[in-house]
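Predicted, not measured: the structure shown is a model, and the values here were computed from it.
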Amino acid sequence: MAGALRVGIAGLGTVGASVARVLRDKAAELTRQCGRDIVVSAVSARDRKRDRGVDLGAANWFDDPVKMAQTAEIDVFVELIGGDEGPARLSVKAALEAGRHVVTANKALLAKHGVALAEIAEKKGVLLNYEAAVAGGIPVIKTMREAMAGNSVNRVFGILNGTCNYILTRMEAEGVSFDVVLKDAQRLGYAEADPTFDIEGHDTAHKLSILTSLAFGTRIAANDIYMEGISNITQADIRAAGDLGYRIKLLGVAQRTESGIEQRVHPTMVPTASVIAQVHGVTNAVAIETDILGELLLSGPGAGGNATASAVIGDIADIAKSRPGFQHGPVFGRPAKELKPYKKAQMRSHAGGYFIRLTVHDRIGVFAAIAKRMADNDISLESIVQHAVSGEAAAQKTVILVTHETTEAAVRKAVDGITKDGHLTDKPQVIRIERAG
């Protein structure tokens, strides 16, 4: 049997403590699976005295994670600090340069510095594993990086943030407002005290940028993602979606187009009969469309200590199974130096169907004026419904439009025109309709 794999864990929060605990409790089983022992030989965190529910007395303690990354006492550096700069970046870079394998759950770090870190890992001949960075316990990274050889990906999309999915699920099921559900999500620990990173789409965008690189062989371009969050989704939208046979989900979507790669994060209406519409609560799901395999959907726990720890331990186990001299595969499926520059497709050229909700003055000519603006922009309507909604002032009506496939530019131009015409009494709502398996 090969010598023990020595692991250093930087960051002993919920996930880090869970990783240490599982490595201890499942030690015999992991040894049988990997052919060698896996031991936690070093740890680094800010507070030595905090009770983390696991005995770490046998591990050498480092106050500085960079020093731990460089020590000869470890073979694998596990980064669970978080953040795209500071100790997280410095320690991961130091570990790779020292010839240590790295496992990380840090999507923000990878979205900003992933390609540069991959170049170091590949130059040093070590592994940079990051399954836990995208979709928690779902093995989407391994699937895309290792199990789809020969497939060309056309589109990858999914529910990548459990907080948003939880909020939208409860809004639909219980008929309560966004603000009420958000407060509950914060109380239950599903949302942070400052939920902006989740609810405005940033977390999903970081994860999507990594999937885009794997799918299309491009350099990571997290700053080139069109992004909308869910904070403006109302019960009126939820009810209208249900009446039309749709359900609202926050999706991250990346697809190949004639003009480049389109990356977008936004609320989306998906058919209620589709598989992805059945993904509820904090669960995540990722769909991958390819030329050979067709569509593959992976679904499972997307967040939480156990789901993330499971993915981290899977990455550690893969390293334990590798042998000296083995040529490791590239970090993003292709050598980092061969990743192509990202060519952004313009969002305003995006084509698809749209849901448009307008709150308008209840007066003669408004309905016809809206229809004319649509026709002037070559927008074909699948349906147009005008009705009063409970609680609206008598002088107001709601008009709900569903378009056939059209362009983002045409819809925005038509809605801008309706706004300028002075017919609206509230901000218009535009939600894309996405075909989904």
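Here the side chain of Glu122 pairs a donor or acceptor atom with the backbone of Val331 at under 3.5 angstrom. Distance alone, capped at 3.5 Å, is enough to place a donor-acceptor pair between the Thr419 side chain and the Val415 backbone. Checked by atom type and distance alone, the side chain of Glu131 pairs as donor or acceptor with a backbone atom of Ile141 at under 3.5 Å. Judged purely by atom type and a 3.5 angstrom limit, Thr169 uses its side chain to pair as donor or acceptor with the backbone of Gly281. Counting only distance, with no hydrogens or angles, the side chain of Asp237 and the backbone of Thr234 share a donor-acceptor pair below 3.5 Å. Using modelled atom types, no side-chain atom of Gln396 and backbone atom of Thr359 make a donor-acceptor pair closer than 3.5 Å.
The shortest side-chain heavy-atom distance between Arg100 and Val92 does not fall under the 4.5 Å cut-off. For the pair Met374 and Leu401, the minimum side-chain heavy-atom distance is below 4.5 Å. The shortest distance between side-chain heavy atoms of Ile276 and Phe157 falls below 4.5 Å. Side-chain contact between His202 and Met227 is present, with at least one heavy-atom pair separated by less than 4.5 Å. At least one side-chain heavy atom of Arg48 sits under 4.5 Å from a side-chain heavy atom of Asp63. Between Asp224 and Lys343, every side-chain heavy-atom pair lies at or beyond the 4.5 Å cut-off. Side-chain contact between Leu30 and Ile316 is absent, with no heavy atoms from C-beta onward closer than 4.5 Å. With a 4.5 Å cut-off on side-chain heavy atoms, Val286 and Val156 count as touching.
In this structure, CG on Asn106 lies 4.5 Å from CD on Glu79, to the nearest 0.5 angstrom. One finds the NZ atom of Lys107 at 11.5 Å from the CG atom of Asp84 (value rounded to the nearest 0.5 Å). The distance from atom OG of Ser18 to atom CG of Asn306, rounded to the nearest 0.5 Å, is 4.5 Å. Leu358 CG to Gln386 CD: the interatomic distance, rounded to the nearest 0.5 Å, is 10.5 Å.
Each of Lys413, Arg264, Arg432 was evaluated against Glu408; a single residue qualifies, Arg432, per the salt bridge (charged side-chain N to carboxylate O under 4.0 Å, His left out) test.
Smallest separation of non-hydrogen atoms from Ser299 and Thr283: OG-CG2, 3.5 Å. In terms of heavy atoms, Ile433 sits closest to Val402 at CD1-CG1, 3.8 Å. Heavy atoms only, all atoms of each residue included: Ala287 and Glu295 are closest at CB-OE2, 4.1 Å. For the pair Val15 and Thr308, the tightest heavy-atom approach, listed with the atom from each and the gap, is CG1-CG2, 3.7 Å. Considering every non-hydrogen atom in both Glu434 and Pro271, the closest pair reads O-CD, 3.6 Å. Residue Met148 comes nearest to Leu293 through the heavy atom pair CE-CD2, 4.3 Å, listed as atom of the first residue, atom of the second, then distance.
Residue pairs that meet the side chain to side chain donor-acceptor pair (under 3.5 Å) test with at least one member in residues 206-216, sequence neighbours left out, are Asp203-Lys207, Thr212-Gln263.
Heavy atoms of other residues, nucleotides or ligands lying less than 6.0 angstrom from CD1 of Ile292 number more than 12. Applying the 6.0 Å contact sphere to CG of Asn377 captures more than 12 heavy atoms from other residues, nucleotides or ligands. Glu192 CD: 12 or fewer foreign heavy atoms inside a 6.0 Å radius. Counting non-hydrogen atoms of other residues, nucleotides and ligands closer than 6.0 Å to NZ of Lys321 gives a total above 12. The neighbour count for Asn223 CG, taken as heavy atoms of other residues, nucleotides or ligands under 6.0 Å away, does not exceed 12.
In this structure, Arg170 pairs ionically with Glu174, as a charged nitrogen and a carboxylate oxygen lie closer than 4.0 Å.
Ring orientation note: the planes of Phe332 and Tyr130 are tilted relative to one another, at an angle of 30° to 60°.
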